[in-house]
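What follows is a set of notes on a single structure, which appears directly below.
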Amino acid sequence: MTGLPNPLIPGFNPDPSVVRVGDDYYLATSTFEYLPGVPVYHSTDLVTWTQIGNVAVRDAQLGVPDAPTNLGVWAPTIRHRDGVFFLIVTDTAGRGTCLFTAADPAGPWSDGVVIDIEGIDPDLAWGDDGTAYVTYSGLVLSGPDIGAHRGIEQVVVDTATGAVLGEKRSLWSGDGGMFPEAPHLYRVGERWYLMVAEGGTERGHSISIARSASPDGPFVSCPANPLVTARGTARPVQCTGRRDLFEGPGGQWYVAMLGTRPRGMVRSFSALGRETFVSPARWTDDGWLEIDPVELTPRAPFGWVEDFDGGLGHAWIGVRRRPDQLADLAARPGWLTLTGEGEGMGAFRPVFVGHRQQHQTCEIRAVVDASEGVGGLAVRYDEEFHYEIKVAGNRVTARAVVPGFVREASAEVPDGPVEVVLTSRVPEATGMGHVASDLVGLGFVRGDGETEVLAEVDGRYLSNETAGSFTGRVFGVYAEAGTVAFDRIAYSGDNS
């Protein structure tokens, strides 16, 4: 057991990278097509994590506004050296491999320099002489060989300019699994260790390690590989991989990694997508790493209320646009106002201000004034998979959208603001159990104070396995047309 909560960072937080600076720990995760890009979390005890900022908060930093679904920001690595924080990341369909720096991990971060390599999931490490090594997965992203994997490659770089110094070298191709990727290079004692994910980011995901006397190899595989995998097991946490190694308090080593929590009778659907988990690790007498299987130890239920009396916090995100580019908090004090652009949640860039869903069972409420527009409360996986409660004047419509299918149910409400409600609950078991991950309820609060559910729809379609997106569920408020104002959003959840 870890003694730590698992998931460590719940909800859509894949590809975690961790750096320790003194008694402080900083963790960064992927954001794909969402902005601001790359959240940074801070902890002093590995239990309580607070989001202190985001790396990409300006247009010049990333090319996400035009990134197709599943592209954008992939697999950051956060490191620290000589008082400077470094974060290197792949901006697919954008600038390419970018290296950002900051004096404070809360920001501001630099506009970044571009490193001219063809690959993904870059890592940054320094040799004893200060040489900076960028080690990455040689995935071909363009041309006739697009999609081909060349294994793990490495270059030496100038971190100030991004210039590549010398030729690339091939280091290792993993231990036989497909897609060797997400490398991290570490100096521990007298040896260098290269840890990778392989087997694909789905159910075959795993962690393997190799070692060398030098940061540029040659590397020898650990005879116990893979060190971690959930494939073929009944473990409640699946798809474990894409990890980072760090030393915790008291000399205890840990590995932070992504994983999923599938639910249903055959555990087929992971509604929250890929989350951050943690597991203890140790060094053996012969100098190899051991990692414990990942345990599921969810946090206690919690909730929060956003009443829009101040600025939006760091956790709010938008689809290919930042919330600050959409949200007006001044036009109607105490309310968030959005102006629609003629498209709803199926738009490439919807007018949507969202937050990661953090629990498998939850309730979300929002007060909506759509007297001058059309909009409401939604939960999305991407532009093709989304459920919403739309308000237009005195009509409320529950709407569920999956490719090739739309379900709607409506009701009349009095003029003025209306409270809409979105819920996620475990289906009732029949026979050997329930198949879906959850049921998503879409409704509103009537004048008598009771909630009327207009539709309850299968949640499996908003899951990692069905939508196929690398992200997770994000709920929030949106405007389709005209001006729509929101008085508050209340969230509560548990893991039942």
Side-chain angles (χ1 to χ4, degrees), residues 12 14 29-39 54-74 89-96 98 273 308 311-329 331 336-357 366 368 370 372-392 399-403 406 422 462 467-486 489:
F12 155 41
T29 62
S30 296
T31 40
F32 296 89
E33 67 264 30
Y34 286 93
L35 289 171
V38 191
N54 296 279
V55 173
V57 297
R58 300 183 301 278
D59 290 341
Q61 291 174 290
L62 294 172
V64 171
D66 296 316
T69 297
N70 270 342
L71 299 184
V73 177
W74 286 11
V89 69
T90 308
D91 178 16
T92 60
R95 298 176 70 194
C98 300
F308 305 119
L312 288 174
H314 300 304
W316 292 96
I317 52 179
V319 183
R320 302 179 179 92
R321 288 187 287 187
R322 302 186 311 273
D324 65 275
Q325 296 172 302
L326 301 169
D328 185 346
L329 297 173
L336 179 150
T337 300
L338 298 175
T339 301
E341 298 174 346
E343 295 183 279
M345 290 302 299
F348 187 69
R349 298 187 194 92
V351 179
F352 172 77
V353 175
H355 194 289
R356 296 163 178 84
Q357 184 176 325
V368 184
E372 298 180 1
V374 179
L377 176 66
V379 58
R380 82 182 295 271
Y381 229 90
D382 57 35
E383 50 265 34
E384 293 189 324
F385 294 83
H386 47 90
Y387 301 163
E388 60 231 38
I389 314 160
K390 180 166 66 175
V391 185
R399 190 166 187 263
V401 179
V402 300
V406 177
L422 188 153
L462 268 62
S469 296
F470 291 144
T471 55
R473 281 192 194 170
V474 176
F475 68 86
V477 293
Y478 74 99
E480 181 176 321
T483 299
V484 185
F486 304 89
I489 297 178

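Since the model is a prediction, treat every value here as computed from it, not as a measurement.
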Side chains of Ser469 and Asp382: do they bring a donor and an acceptor to under 3.5 Å? yes
Interatomic spacing from CG in Leu62 to OG1 in Thr92 - rounded to 0.5 Å: 10.0 Å
Sort out for me which residue in Val57, Asp59, Val64 forms a side chain to side chain contact (heavy atoms under 4.5 Å, CB included) with Gln61. Val57
By ring-ring contact (aromatic ring centres under 6.0 Å, His included), which residues pair with Phe12, not counting sequence neighbours? Tyr34
Distance in Å, Arg473 CZ paired with Arg356 CZ, rounded so as to fall on 0.5 Å steps: 16.0 Å
Between Leu377 and Val368, is there a side-chain heavy-atom distance shorter than 4.5 Å? no
Between the CD atom in Glu384 and the NE2 atom in His386, the distance rounded to the nearest 0.5 Å is 8.5 Å
Smallest heavy-atom separation, Asp324 atom then Arg322 atom, equals OD1-NE, 2.9 Å
Partners meeting salt bridge (charged side-chain N to carboxylate O under 4.0 Å, His left out) with Glu480 (sequence neighbours left out): Lys390
What are the two closest heavy atoms between Arg95 and Gly63, and how far apart are they? CG-N, 4.4 Å
His355: what forms a ring-ring contact (aromatic ring centres under 6.0 Å, His included) with it, not counting sequence neighbours? Trp304, Trp316, Phe475
With Phe352 as reference, evaluate Arg380, Arg321, Arg320 under the side chain to side chain contact (heavy atoms under 4.5 Å, CB included) test and give the passing residue. Arg380
Looking only at heavy atoms, which two atoms of Thr29 and Pro14 are closest? And how far apart? CB-O, 3.1 Å
Across all chains, not counting sequence neighbours, the ring-ring contact (aromatic ring centres under 6.0 Å, His included) partners of Phe470 are Phe32
Taking the side chain as every heavy atom from C-beta outward, state whether Leu336 and Leu329 have any pair of such atoms under 4.5 Å apart. yes
For Gly373 and Val484, work out which heavy atoms get closest and say how close. C-CG2, 4.0 Å
Trace of the side-chain contact (heavy atoms from CB on, under 4.5 Å) decision for Met345 with Val401: CA-CA 9 Å; Met345 290 302 299; Val401 179; over 6 Å; no
If I compare all heavy atoms of Pro36 with all of Pro323, which pair ends up nearest, and what's the gap? CD-CD, 3.8 Å
Sidechain N-carboxylate O distance under 4.0 Å for Asp66, Arg349: yes
How close do Ala327 and Leu338 get, counting heavy atoms only, and between which atoms? CA-CD2, 3.9 Å
Identify, with sequence neighbours excluded, every residue that meets side chain to side chain donor-acceptor pair (under 3.5 Å) alongside Asn70. none
When you measure from the side chain of Tyr387 to the backbone N and O of Leu422, does any donor-acceptor pair fall under 3.5 Å? no
Kindly check if the number of other-residue, nucleotide or ligand heavy atoms within 6.0 Å of CD (Gln325) is above 12? yes
Output all residues satisfying side chain to side chain donor-acceptor pair (under 3.5 Å) with Thr31, sequence neighbours left out; order by chain, then residue number. none
